[in-house]
Amino acid sequence: MGLTLKVSMKDKIQEIGKSAIEEIALAADADALEKVRVKYFGRKGLVTELFKQMVGVSSADRAEVGRLINSLKETVSKAFDEKAPSLSSGRDSRAQKIDITLPGIAREVGHIHPISKTIEEICSIFISLGFKVVEGPEIENEHYNFEALNIPLEHPSRDAFDTFYLDDKWLLRSHTSPVQARFMEKNKPPFAIVIPGKVYRPDATDASHSFMFHQVEGLVVSDNIKFSDLKGALTLFARQMFGEAIKMRFRPSFFPFTEPSAEVDISCILCKSTVHGPRSTEEKRCSLCGGKGWIEILGAGMVNPKIFKNVGYNPEKVTGFAFGMGVERIAILKYGITDIRMFFENDIRFLRQF
Ligand code: DAH
């Protein structure tokens, strides 16, 4: 009896093994393979049933029959594992978790900040005139921020460039002009450069002041640079930036690093008036120029020969012009922005408009 059972169990095991291997080999897709798996390993599967039939096997045969069933299970499992990766199906267990019909997660595309955009616009106008872009450090020392630019210690003009000091020697640059001196020390004329960057001043923040803002500095040095070259370059810049109808005005001014110096105005881009002069009543005054018809946009001048001496150039041989403008101011005018703080608040509703 024991022997018969053992023999028939053995045959059964072999038979099941053979048919399972055949059916696995024939399975054409993952669905078919899954059906084979259920047929053999499901709750009522043929292999599962074999284990259940172990109760009827005599204790003498149990060890061997058990070993045979285990080895059958192992062989058939291995055949499943080897076959599965080659089949694909929408009902594949991994694929089931990914519904490719769901709409994807749209990533918002960022874009350039209005200040960076304005810097690029300013620089590209000067690049079209042959200028090169140069940058310098935001942490400066007194020498480059002041002395090299003819702003001596205790001189009242230092007040105009009120400064954040880091220690006795180092400070956060209060303008981009120090890069003029740094560049000239390392390079020989002729050259034409623009220097964009951040500058810092301990001003109380309000609609028109920020303790950090941006400037673009310009410097041209060669053997025969004239004030008319400065006027020509700046007029072309203003027209490209604000429109062909823009008029320019140079007012005498003072900067320690230029001589003569000028403050440069453009005709008001809001009221477009340069002829009315101050209006008589408050209501009629242009909100941008206050009725003056002019708006200041930058400082400029012919490079002071003292600066050339400071950097080792021969002031008898070279001449040059320089200018410096506030980027926020240019952007405020160009885009009609009313508060400088908007640039730095990261309000997406503001930034999206550019
Ligand atoms: N550095 C000046 C400022 O921050 C701006 C300036 C004026 C720069 C005249 C120049 C210049 O190069 O020639 O106010």
Side-chain angles (χ1 to χ4, degrees), residues 119 122-123 126 131-138 140 142-152 155-164 171-184 189 191-203 208-222 225-234 237-238 248-266 295-308 310-311 313 315 318-330 340:
I119 289 175
I122 296 168
C123 289
F126 286 103
F131 284 62
K132 277 205 178 99
V133 178
V134 169
E135 286 178 311
E138 287 170 33
E140 257 305 356
E142 285 196 309
H143 172 73
Y144 287 109
N145 201 72
F146 297 121
E147 273 100 62
L149 298 168
N150 192 35
I151 313 173
H155 191 278
S157 64
R158 267 205 192 189
D159 298 346
F161 302 99
D162 217 0
T163 308
F164 279 117
L171 46 84
L172 296 177
R173 68 179 178 192
S174 52
H175 51 172
T176 42
S177 306
V179 189
Q180 287 192 18
R182 285 184 176 276
F183 183 84
M184 286 192 280
F191 60 79
I193 55 170
V194 272
I195 306 152
K198 288 184 168 66
V199 301
Y200 303 83
R201 290 183 197 176
D203 286 331
S208 51
H209 293 86
S210 166
F211 54 84
M212 185 281 297
F213 58 100
H214 300 75
Q215 289 187 331
V216 173
E217 187 88 11
L219 177 67
V220 175
V221 181
S222 187
I225 300 292
K226 301 178 294 292
F227 201 93
S228 53
D229 296 316
L230 168 64
K231 276 185 117 171
L234 291 181
F237 160 72
M248 289 197 97
R249 178 171 87 165
F250 287 67
R251 276 181 294 113
S253 184
F254 172 77
F255 295 104
F257 28 92
T258 43
E259 186 59 38
S261 304
E263 235 137 353
V264 180
D265 300 340
I266 56 168
I295 318 159
E296 186 191 320
I297 58 159
L298 54 86
M302 300 308 288
V303 179
N304 191 326
K306 283 186 189 162
I307 308 299
F308 287 144
N310 288 347
V311 297
Y313 287 2
V318 291
T319 51
F321 69 72
F323 58 85
M325 66 184 92
V327 177
E328 281 75 2
R329 178 147 180 82
I330 301 287
I340 195 172

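Just so you know, ligand 1 is whichever comes first in the structure, and atom 1 is the first atom listed for that ligand. All heavy atoms count here, side chains included; hydrogens, waters and symmetry mates do not.
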Donor-acceptor pair, distance only, cut-off 3.5 Å: does the side chain of [X] make one with the backbone of [Y]?
| X | Y | answer |
| --- | --- | --- |
| H214 | E328 | no |
| R173 | G136 | yes |
| R329 | I297 | no |
| Q215 | T176 | yes |
| E263 | R251 | no |

task: Count the heavy atoms belonging to other residues, nucleotides or ligands that lie under 6.0 Å from CZ of F211, then report whether that count exceeds 12.
output: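 For F211, atom CZ is not crowded (no more than 12 foreign heavy atoms under 6.0 Å).
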Should you measure from each heavy atom of [X], which atoms of ligand 1 turn up under 4.0 Å away?
| X | value |
| --- | --- |
| T258 | 13 (O) |
| S177 | 1 (N), 8 (C) |
| A322 | 12 (O), 13 (O) |
| Q180 | 12 (O) |
| F255 | 7 (C), 9 (C) |

- prompt: Nearest to atom 3 (C) of ligand 1, what protein heavy atom do you find, and at what distance?
  reply: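 The closest one turns out to be F161 CE2, 3.5 Å.
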- request: Look at atom 8 (C) of ligand 1 and find which of R201, R173, Q215, E217 reaches it with the closest heavy atom.
  value: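 Residue with the shortest heavy-atom distance to the ligand atom: E217.
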task: Examine the proximity of ligand 1 to F257 and report which part, side chain or backbone, both or neither, has a heavy atom under 4.0 Å away.
output: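 The side chain, only.
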